[in-house]
Structures are given as C-alpha cells and as structure tokens.
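Encoded as structure tokens, the structure appears first; notes follow it.
For clarity, every value in this text was computed on a predicted model and none was experimentally measured. In what follows, chains carry the letters A, B, and so on, assigned in the order in which the sequence lines appear, proteins first and then strands, with residues in each chain numbered from 1.
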Amino acid sequence: MSGSSSVKVKKVTQFLNRKYGTIVWWNASTDEVMIGAVLTPQTRWENVEKALRYLRLEGLCSIAAIRDADHATLENAIRCTGFFRIKSARLKSLATRVMDELGGIGAMASQSDDDLRKNLLGIHGIGEETADSILCYGFSRPRFVIDAYTDRICRCAGITTNRHALKSLFEKVLPHDAGVFQQVHAHIVEYAKEYCGKRRCKECTLRTLNG
DNA sequence: GACCAGGTCCTTG
DNA sequence: CAAGGACATGGT
C-alpha cells in the first residue's frame with residue numbers, strides 16, 4: 001500500500017514538473033520568509049505581499065526590527081492579512097525568541113535540521129506547517145511543507161490525506177533536497193489553485209495518472 | 001450576504 | 001484524542 005502511494009507521488013510530481021517546469025515561487029530573505037510564513041494562515045497571498053510592502057515602508061521587514069516595533073504600528077501594517085492581533089503577537093513572540101534566546105538567525109542557521117525545527121515549534125503560534133515553511137524556504141532545509149493545497153492534490157490523486165503520513169511520504173520519495181522540495185510544493189500550490197476546489201476538484205486530471 | 005483564503009490554539013465532550 | 005470555535009480582513 002505504501003509502495004503504491006510512492007508511485008502515485010512520483011507520477012504526480014513528474015506530471016506537475018512537465019506542466020510547470022522550473023518556477024521561482026518564493027525567493028526571499030530568511031527574515032522575510034519567517035514573517036510571511038506567520039502572516040500566511042487563512043489569507044490570500046496577495047494580501048501577505050501587501051503587508052510585507054507596508055512592513056518594508058515602516059522599516060519593519062526584519063526580525064530584529066519587529067522585536068523592537070511598536071505594537072500599533074505593527075498591527076496596522078499587517079491588518080490586511082486578517083487575524084492581525086494574533087499575528088502581530090506571533091511575530092513579536094517569534095522575533096523575541098529568535099533574537100533573545102536563539103542567538104539570532106545566524107546562530108539558527110548553524111543548527112541541525114531537527115534542532116532548528118524543534119526550536120521553531122517551541123515558539124507560541126508556530127505550528128508544523130509554518131515551521132516547515134520556514135525550514136524549507138527560509139533555511140533551505142529538506143522539510144516538505146504539507147498545507148491545504150497538498151491535501152487537495154492528494155485527495156484528487158487518491159493518496160492518503162493524513163498530513164503526517166503525507167509529509168514522511170514526500171520526504172521519502174523525493175530526492176532529499178530543499179530545492180526540489182521547494183519546486184514540488186510550488187507546483188502543487190499552482191495546480192491546486194487552478195484546478196482543485198476546497199470541497200471538490202474541478203477538472204484536475206490527477207486521478208487518471210494512475211490508470 | 002455567503003463563502004473562501006497556503007493555520008494555530010483553546011475549550012469541550 | 002476528536003471536534004468545534006475563535007481569530008479578522010479582503011476578494012469573488
């Protein structure tokens with residue numbers, strides 16, 4: 001059963017790679033990836049980018065600046081992403097922990113994948129998806145991001161919908177390389193946005209890949 | 001107005 | 001532990 005899941009994952013990722021080729025999807029500094037990852041939940045990406053622009057204008061697009069930022073200024077800059085009170089608190093706790101207890105981003109960059117992940121998950125407001133997003137896109141670590149779009153793709157392709165199972169499946173099947181993980185996840189997001197609705201997939205052809 | 005958007009945490013049963 | 005709700009703005 002797990003063998004056939006592996007085959008499905010390979011077929012899906014090859015199909016997406018032929019369809020989209022190489023795409024640059026989220027090329028940003030570690031600081032910006034961390035901030036964006038906290039702002040992303042339940043929010044359109046365009047609004048996250050808008051908030052990042054506001055933060056840049058306020059000089060708040062870095063972890064160090066956010067730690068020292070005025071609450072009201074921070075909240076106003078990210079208001080357009082929704083949940084702005086919670087998210088500003090999460091940014092604050094993230095920035096404080098990173099700067100004051102983890103030795104800054106430079107020190108984190110020299111930690112092992114597992115230690116880094118553990119430290120991120122220990123921060124209030126950082127869950128599995130946000131942590132893996134930061135690991136994969138911000139620190140170029142081979143941790144596969146499972147999000148709502150991955151769920152949909154796998155539902156359409158007839159692969160398990162259990163997130164932990166999916167994560168280990170993708171990490172087992174794909175080459176253990178952060179760049180590959182970034183590409184595959186970017187492909188999944190592109191495809192799901194276009195073809196896979198929240199409840200039902202529209203005209204995606206993933207189901208037929210197995211036959 | 002209804003429904004959705006790249007989660008996470010807290011509270012209940 | 002599973003399920004339900006809260007968090008909040010912006011777009012279709």
Over all atoms of both residues, closest heavy-atom pair of A/Leu169 and A/Ser6: CD1-OG, 3.8 Å
Of all residues at least two apart in sequence or in a different chain, which pass the ring-ring contact (aromatic ring centres under 6.0 Å, His included) check with A/Phe144? A/Phe170, A/Phe181
Short question: side chain of A/Thr96, backbone of A/Ser93 - any donor-acceptor pair under 3.5 Å? no
Sort me out a list of protein N/O and nucleotides 1-4 of chain B N/O pairs below 3.5 Å, or just none if empty.
none

How is A/His185 classified with respect to the nucleic acid when contacts are heavy atoms under 4.0 Å: base, sugar-phosphate, or nothing? base
Partner of A/Glu128 under salt bridge (Lys or Arg N to Asp or Glu O under 4.0 Å), picked from A/Lys167, A/Arg117, A/Arg163, is A/Arg117
What nucleic acid atoms does A/Glu46 come within less than 4.0 Å of, heavy atoms only: base, sugar-phosphate, or nothing? nothing
Residues pairing under ring pair (Phe, Tyr, Trp, His ring centres under 6.0 Å) where one sits in residues 32-72 of chain A, two or more places apart or in two chains, turn out to be A/Trp26-A/Trp45
Considering only heavy atoms of chain A and a distance under 4.0 Å, specify the first and last nucleotide of DNA chain C in 5' to 3' order that meet this criterion. C/dC7 to C/dG11
Residues from residues 35-42 of chain A lying under 4.0 Å of DNA chain B - heavy atoms: A/Thr40, A/Pro41, A/Gln42
Atom CH2 of A/Trp45 and atom P of B/dA5: how far apart are they, to the nearest Å? 16 Å
What distance, rounded to whole Å, do you find between the two P atoms, one in C/dG10 and one in B/dT8? 22 Å
Determine the Euclidean distance between corresponding C1' atoms of B/dC10 and C/dT9; express it in Å to zero decimal places. 22 Å
Extract the stems that DNA chain B is part of, considering only consecutive pairing runs of at least three Watson-Crick or G-U wobble pairs, both distances under 3.5 Å. B:2-5 with C:9-12, B:7-13 with C:1-7
